[in-house]
There are 2 protein chains.
Amino acid sequence: METKPKVTIDDVAKSAGVSKSTVSRIINNVPGVKPVTRFKVNRAIEELGFTPNIMARSLKTKLRRQIALAIDDIRNPYYPELAWAAEQVAKQNNFRLVLINHYGNPSEELAVLKEANDMHVDGIVLLSTSHPKTLTKVIKKAAVPVALIGNYEEDMPADWVGLRENEGYVAMDHLIRIGRRRIAYAGNTTLHRGARYTAYVQSLASHFMEFNRSLVYTGERLAIDTGLEAARYFYHLNEIPDAVFAANDLVAIGVTQGLISLGLRVPEDVAVVGIDNIPWCTLTTPKVSSVSNLVGEMGRIAVERLILRIGDESKAFERITLEPRLIVRESTVKQI
Amino acid sequence: METKPKVTIDDVAKSAGVSKSTVSRIINNVPGVKPVTRFKVNRAIEELGFTPNIMARSLKTKLRRQIALAIDDIRNPYYPELAWAAEQVAKQNNFRLVLINHYGNPSEELAVLKEANDMHVDGIVLLSTSHPKTLTKVIKKAAVPVALIGNYEEDMPADWVGLRENEGYVAMDHLIRIGRRRIAYAGNTTLHRGARYTAYVQSLASHFMEFNRSLVYTGERLAIDTGLEAARYFYHLNEIPDAVFAANDLVAIGVTQGLISLGLRVPEDVAVVGIDNIPWCTLTTPKVSSVSNLVGEMGRIAVERLILRIGDESKAFERITLEPRLIVRESTVKQI
DNA sequence: CTGTTAGCGCTTTCAC
DNA sequence: GTGAAAGCGCTAACAG
């Protein structure tokens with residue numbers, strides 16, 4: 001099965017004329033080895049092209065230096081950023097990332113935890129969609145520590161990082177702060193139980209601004225063409241709004257491009273802000289302001305916590321809540 | 001480091017009153033074990049919650065049932081589809097996928113191969129950007145088999161899957177076949193050494209159609225707004241084109257939405273086709289026709305070959321070239 | 001400072 | 001059919 005006849009620590013020891021413990025010390029950077037010996041051994045390692053067999057090492061140390069990243073579906077648009085950030089932290093700590101899709105399928109998801117041991121991993125970062133109660137039970141049984149992203153229950157025996165769900169307020173706040181007074185809404189009224197639309201209505205109220213039904217363009221599909229349609233709609237109002245809060249970035253991009261193709265200026269005439277901060281926000285002219293859900297940050301933090309816990313399982317579990325972050329770009333504030 | 005005191009094969013053996021060899025036979029489905037014994041052992045396994053230690057097993061068998069997927073950058077937009085397809089095949093074969101980003105950095109990339117052994121993997125699917133010559137040398141030294149995607153050199157000791165680079169011709173062919181005669185081009189003239197633009201020009205020529213400079217809209221950034229601009233430009237021509245070949249899907253989406261917002265019908269008045277077949281093509285109205293680079297297919301094939309090779313290293317290396325696939329959607333052919 | 005020794009948990013001949 | 005025993009390649013006491 002193996003082409004090249006693997007060279008082992010014994011081969012090195014023999015070739016360098018020392019014992020394998022000495023070789024072991026050297027490859028593990030254990031101090032207290034005579035420089036001469038170290039040199040001889042290193043040369044032998046070099047010559048023979050020796051690389052330690054991780055299986056054997058892990059069998060001894062119980063440390064596999066791998067963690068699993070278990071998410072619902074890799075095709076989820078947030079995944080790349082999450083995985084990228086997670087991988088960076090893992091790499092810094094000399095860990096590798098194993099990828100698992102559980103497809104939001106509770107049984108698969110739980111299987112991930114159950115089989116953790118099968119997986120050559122020391123811990124799992126889990127972006128779960130399961131019911132928290134069920135999850136709690138399973139985490140308790142898992143063979144390795146778990147760090148959770150997003151789904152959370154009081155007594156879960158795991159580190160956790162999540163996001164405060166006030167993105168809508170952050171976006172609205174921004175528009176109001178930059179002096180806009182006739183703010184429109186484009187998007188649906190159902191996403192996340194209507195949270196974004198609710199934020200629109202309530203932000204207006206708490207700033208004593210009038211709610212005007214005609215400033216709401218409802219389109220269920222949060223895609224670019226909904227935004228384009230919204231732009232056309234707003235354009236033909238008697239009084240054009242001076243700002244648009246879009247339920248997500250796709251809509252915001254559509255609104256922005258739509259308004260521009262109708263001859264309006266963004267942000268001078270109309271400011272536009274979206275939510276989610278997808279990469280595309282920076283690929284348009286003007287670049288679109290947005291509210292980031294810090295998915296990368298969550299990945300980073302989850303992996304950090306996990307690795308810390310792998311090093312010391314006795315620490316108290318941490319619960320970290322992040323605030324969505326406003327990213328100001330050209331669609332709301334003219335850049336120099 | 002481990003919370004739960006791992007239960008081993010010896011514990012099971014003792015509890016079932018058999019030897020560990022018998023337990024081993026049972027967990028590996030070796031035939032020739034008395035049903036009664038099998039039953040007793042299985043019950044013990046169940047009761048104790050035993051799961052075999054993969055490290056120990058691998059140390060013996062040399063099979064880790066993991067493969068690495070090494071790509072330039074997980075944030076590359078093709079990655080999710082590639083990884084998803086790869087993971088499906090891996091899973092079917094009871095393999096897991098480990099993720100490695102090499103950032104198109106040749107040294108990182110080569111390191112991936114060199115450290116293959118360190119990685120608990122039995123093989124590597126590599127999407128390389130390194131110079132083929134260098135790559136060849138390193139592959140020869142790699143401890144495990146490699147399957148290559150995209151980059152290729154005659155004497156590489158690896159299975160390989162790639163794509164024929166005629167996407168442009170496929171797209172043009174489609175427009176011509178559906179009877180369009182006044183075909184415009186939107187995009188840049190430099191991508192892939194200008195291959196797409198060249199395909200435009202040459203396709204016209206080989207069908208004895210006139211090349212008309214005014215039907216070419218050049219925008220370097222292949223993004224949505226370039227498409228919107230192109231739409232405006234074509235709209236104001238004396239004679240509007242009856243089809244647009246866009247250098248990529250983003251431009252095609254922009255062109256389509258732009259034309260529609262100007263009151264034209266797609267595909268009745270103008271047919272639009274893009275290239276790359278990004279997921280967004282199906283998120284717009286009308287859905288955009290495109291040419292797929294079969295990135296998922298390549299991932300699938302690469303993993304399949306790799307797993308076959310892991311099972312038998314002696315087979316001859318395979319070179320597979322895929323043809324880009326036309327995906328007809330609403331932007332070129334009216335759907336019922 | 002270095003070598004000897006005893007496993008880690010499992011698979012796999014080889015006997016019985 | 002089943003068990004005993006010998007490692008897989010490495011680490012980690014423990015001596016010396």
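Bear in mind that the values here come from a model prediction, so they are computed numbers and not experimental data. By convention in this document, chain letters (A, B, ...) are assigned in the order of the sequence lines, proteins followed by strands, and residues within each chain are numbered from 1.
- Comparing the start and finish of the helix from C/dC1-D/dG16 to C/dC16-D/dG1, five pairs each, the helix axis swings through 40°, to the nearest 10 degrees.
- Scanning for side chain to side chain contact (heavy atoms under 4.5 Å, CB included) contacts around B/Glu81 gives B/Val295, with sequence neighbours left out.
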| task | Heavy atoms under 4.0 Å is the rule here; annotate nucleotides 8-16 of chain D 5' to 3' with B where the base is hit, S where only the sugar-phosphate is, and - elsewhere. | result | BBBBBB---
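- B/Ile26 has its CD1 atom 20 Å from the P atom of C/dG9, to the nearest Å.
- The main-chain N or O of A/Phe39 is never found under 3.5 Å from a side-chain atom of A/Asn42 such that the two would form a donor-acceptor pair.
- Closest of all the heavy-atom pairs between B/Gly296 and B/Ala85 is O-CB, 3.2 Å.
- One N or O on the side chain of B/Asn93 and one on the backbone of B/Val89 form a donor-acceptor pair closer than 3.5 Å.
- Checking side-chain atoms of B/Arg64 against main-chain N and O of B/Val121 turns up a donor-acceptor pair under 3.5 Å.
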Pairs under 3.5 angstrom only: tabulate donor-acceptor contacts from the side chains of residues 157-164 of chain B to other protein residues two or more places apart or in another chain.
from	atom 1	to	atom 2	distance (Å)
B/Asp159	OD1	B/Arg309	NH2	3.1
B/Asp159	OD1	B/Glu318	N	2.8
B/Asp159	OD2	B/Arg309	NE	2.6
B/Asp159	OD2	B/Arg309	NH2	3.4
B/Trp160	NE1	B/Asn151	O	3.4
B/Arg164	NH1	B/Glu323	OE1	2.8
B/Arg164	NH1	B/Glu323	OE2	3.2

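- Under the 3.5 Å distance criterion, the side-chain polar atoms of B/Asp122 are matched with a main-chain donor or acceptor of B/Arg65.
- Between B/Ser19 and D/dA4 there is no side-chain polar atom (N or O) within less than 4.0 angstrom of OP1 or OP2.
- Listed by chain and residue number, nothing satisfies the side chain to side chain contact (heavy atoms under 4.5 Å, CB included) test with A/Pro279 (two or more places apart in sequence, or in another chain).
- The two residues A/Ala86 and A/Leu69 have their closest heavy-atom pair at CB-CD2, 4.4 Å.
- Taking a 4.0 Å limit (strictly below) on heavy-atom distances, residues 29-42 of chain B reaches DNA chain D at B/Gly32, B/Val33, B/Lys34, B/Thr37.
- Judged by distance alone, with hydrogens and angles left aside, the side-chain atoms of B/Asn28 form no donor-acceptor pair with the main-chain N or O of B/Val30 at under 3.5 Å.
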